[in-house]
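Counting begins at 1 with the first residue of the sequence.
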Amino acid sequence: MIRIVSIIIVKFLVFLSACTAQAQTWSKLNTEAYPGKQDDITFVDENTGWYVNGYGRIFHTKDGGTTWEKQLEQKGSFFRTIAFVDKNNGFVGTVGTDYFPNVTDTIPLYRTQDGGKTWRPISYKGPYVKGLCAIDIVKEEYINHGKLDYKTHLFAVGRVGTPANMMVSNDGGNSWSSKSMDDSCKMLFDIKMFNKNEGIVCAATSADISQSNALILKTTDGGKTWKNVYQSTRPYETTWKVSFPTPNIGYATIQSYNPEPNVKQQRIAKTTDGGATWTELNLVEDTAAREFGIGFIDENHGFVGTVNSGFETIDGGKSWEKIDLGRACNKIRIYKNAKGETYGFAIGVNVFKL
């Protein structure tokens, strides 16, 4: 009898979780028109956020995306990634030259200390970084004169189209060093650091897309060395973005550029051991559904953006339903407030709010 009751309770909780998941929907926000894929958006709380695009523009909101102010327009810059430590301190990366037309900015990284009102180039020690595609922030707790404080570590990687480089700051962005990763991969798209030493990057094996496999690398020493933990077996593939809803469970999008019309299957990669090993899951059989962004609310409920639409799963990627996330949804950010309530933002051709 007890076992039967337990089974009923478990089934009810699963049903309740599914109903809650399906009740959360994305809504499109009113933003300035842009003709293509916009690449990144970030928030420090439910109201305060920024997004960037290839016109060299940075937009800021103080009301959760209801209204946006253009803080910067820097012609010749293609802003690819943005991250803020707090309301004042932020960093924006550029994709660099020789990839997109009309891009002349050769500075990979800028910093603001006044909430985006002004930006200045970052200097760094090490090899030249041509472009960046992602920035990640790790806050490390420590005791400072008897009080709990944080040391802020920043990691940035890029780029699409080669070369592969990494930038690191272990003092909150005051000083930076760079490192070539061409000995481990040829393109870099995203980074997720679990702490100052351990993390993974989304990468590709070759600068020639016809020869490229999707690739995920893992580090345990802060990016000094990297281990290959996943590599696809098919040509014309790269990874793209990654999401870890828990320390152990993570998901990454796999992009296919195969020109053969009969190559239709789109896939994601999933880990259940903190990125040590990965398995492939099918997303959809559709040549037009090339993947971009990915974001998960919890270990089962998540979203993927593709060229023409979005997809949602509530069973850990076993099955997917088509949803409206606009076209080319490139970055999906999922957050929790102090009450544990979920909110999120996604950006592609348009900006969406969860």
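The side-chain heavy atoms of F189 and T238, taken from C-beta on, include a pair separated by under 4.5 Å. Proximity of L217 to C185: side-chain heavy atoms (C-beta onward) are separated by under 4.5 Å at one or more points. Side-chain contact between I41 and R333 is present, with heavy atoms from C-beta onward closer than 4.5 Å. Side chains of L283 and R267 form no contact here, defined as non-hydrogen atoms less than 4.5 Å apart. Residues F59 and Q71 are not in side-chain contact: their nearest non-hydrogen atoms beyond the backbone lie 4.5 Å or more apart. A 4.5 Å side-chain heavy-atom check between T219 and N197 finds every atom pair outside the cut-off. Proximity of F91 to V85: side-chain heavy atoms (C-beta onward) are separated by under 4.5 Å at one or more points. Counting heavy atoms from C-beta on, the side chains of R57 and F79 never come closer than 4.5 Å.
When atom types are taken as modelled, the side chain of S243 and the backbone of F296 share a donor-acceptor pair closer than 3.5 angstrom. Side chain of T313 to main chain of W320: no donor-acceptor pair is present (N/O by atom type, distance under 3.5 Å, no hydrogens or angles). Checking side-chain atoms of T112 against main-chain N and O of T118 turns up a donor-acceptor pair under 3.5 Å. Between the side chain of K75 and the backbone N or O of Y55 there is no donor-acceptor pair closer than 3.5 Å. With T48 contributing its side chain and K87 its backbone, the two residues share no donor-acceptor pair below 3.5 Å. Judged by distance alone, with hydrogens and angles left aside, the side-chain atoms of D105 form no donor-acceptor pair with the main-chain N or O of S77 at under 3.5 Å. Panel note: side chain Y335, backbone F43; a donor-acceptor pair is recorded below 3.5 Å. In this structure, R111 contributes its side chain and G173 its backbone to a donor-acceptor pair below 3.5 Å. Put simply, the side chain of T253 never gets that close to the backbone of E291: no donor and acceptor are under 3.5 Å apart. In this structure a side-chain-to-backbone donor-acceptor pair under 3.5 Å is present from K186 to D182.
Nearest heavy atoms, I137 versus L154: CG1-CD2, 3.8 Å. Across all non-hydrogen atoms, the minimal contact from G250 to P245 is CA-CD, 4.3 Å. The heavy-atom pair separating N330 from Q38 by the smallest distance is CB-O, 3.6 Å. Across every non-hydrogen atom of S180 and P127, the tightest pair is N-CG, 3.8 Å. Annotation for G199 and M193: closest pair CA-SD, 3.6 Å, computed over non-hydrogen atoms. Between F303 and I323, the shortest heavy-atom contact is CD2-CD1, 3.7 Å.
The closest side-chain donor-acceptor pair between E32 and Y34, if any, does not fall under 3.5 angstrom. With 3.5 Å as the limit, one finds a donor-acceptor pair spanning the side chains of Q231 and N213. For the 3.5 Å distance criterion, the side chains of N174 and D171 fail to qualify, holding no donor opposite an acceptor. Side chains of D208 and S210: a donor on one and an acceptor on the other come within 3.5 Å. Residues W119 and Q74 have side chains that never bring a donor and an acceptor to within less than 3.5 angstrom of each other. Between the side chains of E280 and Y230, at least one donor N or O lies within less than 3.5 Å of an accepting N or O. A donor-acceptor contact closer than 3.5 angstrom is absent between the side chains of N308 and T306. At a cut-off of 3.5 Å, with distance as the only test, a side-chain donor of D273 or T271 sits close to an acceptor on the other residue. Between T152 and K139, the side chains place no donor N or O within less than 3.5 Å of an acceptor N or O (distance only, hydrogens not considered). Between the side chains of N258 and S256, no donor-acceptor pair of N or O atoms lies under 3.5 Å. In the model, Y251 has a side-chain atom that pairs as donor or acceptor with a side-chain atom of K270 under 3.5 Å.
Every residue was checked against the side-chain hydrogen bond (donor to acceptor under 3.5 Å, both in side chains) condition with T279, not counting sequence neighbours, and none meets it. Scored by the side-chain hydrogen bond (donor to acceptor under 3.5 Å, both in side chains) test, S184 finds no partners at all (sequence neighbours excluded). For E237, the salt bridge (charged side-chain N to carboxylate O under 4.0 Å, His left out) test picks out R234, with sequence neighbours left out.
A salt bridge does not link D40 with K331: every distance from a Lys NZ or Arg NE/NH1/NH2 to an Asp or Glu carboxylate oxygen is 4.0 Å or more. D190 has no carboxylate O lying under 4.0 Å from a charged side-chain N of K192, or vice versa, which leaves the two without a salt bridge.
L109 CG to W176 CH2: the interatomic distance, rounded to the nearest 0.5 Å, is 5.0 Å. Here the straight-line distance linking atom CD of E140 with atom CG of D149 works out to 11.0 Å at 0.5 Å rounding. In this structure, the separation between CD1 on I334 and NE2 on H301 is 8.5 Å, given to the nearest 0.5 Å. Rounding to the nearest 0.5 angstrom, the gap separating the CD1 atom in I135 from the OG1 atom in T81 is 4.0 Å. Note that the CD atom of Q266 and the CD atom of Q255 stand 9.5 Å from one another [nearest 0.5 Å]. To the nearest 0.5 Å, the span separating CH2 on W226 from CG on D221 amounts to 8.5 Å.
In this pair, Y343 and F345 present their aromatic rings perpendicular. The plane angle is above 60°, beyond the 30 to 60° band. In this structure, F292 and W240 have perpendicular ring planes: the angle between them is above 60°, well past the 30° mark. The aromatic rings of W50 and H60 sit parallel, their planes meeting at an angle under 30°, below the 60° perpendicular limit.
Counting non-hydrogen atoms of neighbouring residues, nucleotides and ligands closer than 6.0 angstrom, the CG atom of N30 reaches no more than 12 such neighbours. Within a 6.0 Å sphere centred on OH of Y257, other residues, nucleotides and ligands contribute more than 12 heavy atoms.
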Inset, instruction - List the steps, then state whether salt bridge (Lys or Arg N to Asp or Glu O under 4.0 Å) holds for K28 with D324. - result: CA-CA 9 Å; K28 187 169 72 171; D324 183 14; over 6 Å; no
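Only one option out of D98, T106, T162 pairs with K130 in a side chain to side chain donor-acceptor pair (under 3.5 Å); it is D98.
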